[in-house]
Amino acid sequence: MDLSSILTELGEEREHYFNAVAPPIMQTSNFAFKTVAGLRAAFADEMGGYLYSRGLNPTVDILRKKLAALDGAEDALVFNNGAAAIFAGVLAHVKAGDHIISVRDPYSWAQKMFDVILPRFGVTTTYVDGRTLAAFESARRPQTTFIYLESPNSWSFELQPLADVAAFARAHGIVTLLDNSYATPLYQQPIPMGIDLCMQTATKYIGGHSDTLGGVLTGTRERIRAIFESEYLNIGSGVSPFNAWLLLRGLRTLPARLERITRTTGEVLAFLQGHPKVASVNFPLDTSFPQYELARKQMTGACGLLTFTLKDGTVDTITRFCDALQHILMAVSWGGYESLIIPKCAGIPPADFDATNPVHQWIRLYTGLEDSSYLIGDLQQALDKI
Ligand SMILES: Cc1ncc(COP(=O)(O)O)c(C=O)c1O
């Protein structure tokens with residue numbers, strides 16, 4: 001479906017709300033019925049209409065339709081944040097005794113679920129270097145029911161060969177879930193590649209303004225319905241109508257923001273690559289990236305996240321550089337209007353910092369909507385101080 005029509009028309013029923021251009025926030029917890037027969041039908045099929053906003057809600061539904069279409073999927077569920085979408089997507093497909101294969105270093109709360117919560121229920125996880133299919137083949141056990149992917153990873157940008165992993169999983173009856181947060185549906189389409197469940201945190205690019213959280217799962221109608229009728233309703237982590245409205249508002253400008261961010265990131269990337277105090281820059285669509293060819297094959301674009309290291313990669317120098325920034329904010333997250341920086345060493349206890357490990361030296365930069373000259377000027381003056 002045409003991108004413009006998804007963003008401006010799909011799911012909008014303006015004639016039902018006074019032809020208002022922006023949809024109303026249907027801020028209601030419940031929906032009334034005129035007849036017992038109507039109530040009975042809603043009990044029998046909660047996905048068939050509106051009963052209670054822990055399930056479906058009209059404002060949320062507009063967003064669901066658009067997000068499913070953007071992924072080329074049959075249906076979508078929108079959660080209160082990305083971590084909840086991951087949790088429901090995984091929980092829906094494992095039982096005691098099952099085995100999961102996860103790509104190494106997934107998003108931290110996915111890893112905590114694999115390491116802390118699921119083992120309590122007899123579900124084990126093997127982490128693999130997912131750059132080749134062979135790693136998944138050798139990790140598979142008869143009990144493997146689920147493969148968890150994140151491509152690109154939001155720090156290392158490591159990719160998995162998605163079509164190959166999806167075909168392998170299907171051949172063995174294994175369900176796949178991919179965290180597509182980095183690329184967004186505009187730059188990577190996992191569902192047509194054979195991935196079963198596509199997840200993204202809408203907190204980042206979909207919301208786009210750092211003022212709300214959200215998470216998305218898309219897949220077949222049947223799979224999404226099964227998750228809705230169990231984990232979604234039971235955990236109760238669906239997005240609120242107001243947050244759905246903010247996400248809808250963000251979605252309208254997603255292509256324009258990504259276009260701008262892509263351009264600015266290229267300029268910032270070139271500046272960092274040419275700076276004598278910068279040792280390395282990591283960005284999936286740069287020709288120096290080790291999996292550049294795969295990135296070009298799977299993704300039509302890359303957004304605003306990159307990592308770099310300084311030639312003097314001590315904690316002291318990294319700290320002085322980050323502390324010296326005057327405009328780029330130091331904060332977690334990404335995908336909003338504002339540029340952000342986060343040094344990996346801030347999450348590593350000083351005694352564990354390994355000065356010979358480039359990963360420990362990573363500084364992650366997110367390029368927002370500011371002018372590139374504004375950002376480059378800020379980076380330049382901070383680099384001058386080290
Ligand atoms: C790659 C990735 N996946 C998932 C999430 C979780 O999203 P949320 O913060 O909306 O729960 C994040 C959040 O930072 C993320 O970076």
Side-chain angles (χ1 to χ4, degrees), residues 60 63 67 71 76-91 102-115 117 127 130 147-160 162 176-188 190 195 197-218 231-232 235-240 242-244 246-247 250-251 254 261 282-284 299 302-307 329-336 338-344 346-347 362-368:
V60 178
L63 186 61
L67 290 168
D71 270 353
L77 288 174
V78 188
F79 295 77
N80 217 14
N81 52 64
I86 294 171
F87 196 72
V90 176
L91 205 64
S102 168
V103 69
R104 65 182 173 184
D105 302 321
Y107 173 61
S108 54
W109 288 99
Q111 184 152 0
K112 280 190 183 143
M113 171 186 58
F114 295 137
D115 293 348
I117 298 181
Y127 295 102
I147 292 182
Y148 185 87
L149 307 164
E150 184 183 325
S151 183
N153 178 281
S154 69
W155 275 86
S156 67
F157 311 118
E158 261 183 25
L159 311 171
Q160 298 96 61
L162 297 181
T176 48
L177 181 152
L178 172 88
D179 183 339
N180 196 35
S181 300
Y182 178 90
T184 83
L186 265 55
Y187 288 164
Q188 181 165 266
I195 296 295
L197 277 171
C198 184
M199 174 270 155
Q200 61 174 319
T201 158
T203 311
K204 316 300 184 203
Y205 291 113
I206 304 289
H209 294 76
S210 301
D211 53 12
T212 187
L213 290 97
V216 190
L217 273 184
T218 60
E231 288 74 16
Y232 186 84
I235 302 170
S237 54
V239 71
S240 69
F242 179 61
N243 284 1
L246 285 174
L247 294 170
L251 202 52
L254 180 67
I261 289 168
N282 206 18
F283 184 69
M299 297 158 60
C303 304
L305 275 185
L306 58 81
T307 48
L329 302 174
M330 205 182 320
V332 296
S333 201
W334 40 282
E338 76 294 5
S339 292
L340 300 171
I341 200 116
I342 182 161
K344 188 90 177 171
W362 274 342
I363 300 170
R364 191 176 77 176
L365 176 68
Y366 165 67
T367 308

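Nothing here was measured: the structure is a model prediction, and the numbers come from that model. Ligands are counted one by one from 1 in listed order, and the atoms in each one are counted from 1 as well. Below, each value reflects all heavy atoms present in this structure, side chains not excepted, and no hydrogens, waters or symmetry copies.
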Q: Taking the side chain as every heavy atom from C-beta outward, state whether Leu217 and Leu177 have any atom pair closer than 4.5 Å.
A: yes
Q: For ligand 1, find out whether one of its N or O atoms is nearer than 3.5 Å to an N or O atom of Gly82.
A: yes
Q: Which residue owns the protein heavy atom closest to atom 13 (C) of ligand 1, what's the atom, and how far is it?
A: Lys204 NZ, 3.1 Å
Q: Is there side-chain contact between Ile235 and Leu91, with heavy atoms separated by less than 4.5 Å?
A: yes
Q: Answer yes or no: is there a side-chain heavy-atom contact under 4.5 Å between Ser154 and Arg364?
A: yes
Q: For atom 10 (O) of ligand 1, grab the closest protein heavy atom and report residue, atom and distance to one decimal in Å.
A: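 Residue, atom and distance for the closest contact: Thr203 OG1, 2.6 Å.
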Q: Once you restrict to heavy atoms under 4.0 Å, what part of Asn81 touches ligand 1? Side chain, backbone, both or neither.
A: both
Q: Who are the ring-ring contact (aromatic ring centres under 6.0 Å, His included) partners of Phe157, not counting sequence neighbours?
A: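 Counting only residues at least two positions away or on another chain, Phe157 forms a ring-ring contact (aromatic ring centres under 6.0 Å, His included) with Tyr182.
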Q: Measure Ser181 to ligand 1 on non-hydrogen atoms and call it side chain, backbone, both or neither using the 4.0 Å cut-off.
A: side chain
Q: Nearest non-hydrogen atom to atom 7 (O) of ligand 1 belongs to which of Leu305, Thr201, Ile86, Asn80?
A: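 Comparing heavy atoms across Leu305, Thr201, Ile86, Asn80, the nearest one to atom 7 (O) of ligand 1 lies in Thr201.
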Q: Heavy-atom distances under 4.0 Å are what count here, so tell me which part of Trp334 touches ligand 1: side chain, backbone, both or neither.
A: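 The side chain, only.
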Q: Please confirm whether Glu150 comes under 4.0 Å of ligand 1, counting heavy atoms of the residue only.
A: yes
Q: Can you tell if the side chain of Glu150 reaches within under 4.5 Å of the side chain of Ser102, non-hydrogen atoms only?
A: no
Q: Can you report which non-hydrogen protein atom sits closest to atom 6 (C) of ligand 1, along with the distance?
A: Tyr107 CE2, 3.3 Å
Q: State if Gly214 counts as touching ligand 1 under the rule of any non-hydrogen atom under 4.0 Å.
A: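 Judged by the 4.0 Å heavy-atom criterion, Gly214 does count as contacting ligand 1.
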Q: Who's the nearest protein heavy-atom neighbour of atom 3 (N) of ligand 1, and how far?
A: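 Looking at atom 3 (N) of ligand 1, the protein heavy atom closest to it is Asp179 OD2, 2.6 Å.
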Q: Applying the side-chain hydrogen bond (donor to acceptor under 3.5 Å, both in side chains) test to Thr212, which of Asn80, Thr203, Asn243 qualifies?
A: Asn243
Q: Answer yes if the ring centres of Phe87 and Phe79 are under 6.0 angstrom apart, and no otherwise.
A: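 Centroid distance Phe87-Phe79: not below 6.0 Å, so no.
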Q: Any atoms of ligand 1 less than 4.0 Å from a non-hydrogen atom of Ala83? List them with their elements.
A: 6 (C), 7 (O), 8 (P), 11 (O)
Q: Do Gln188 and Leu178 have side chains that get closer than 4.5 Å, going by heavy atoms?
A: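 The answer is yes; the side chains approach within 4.5 Å.
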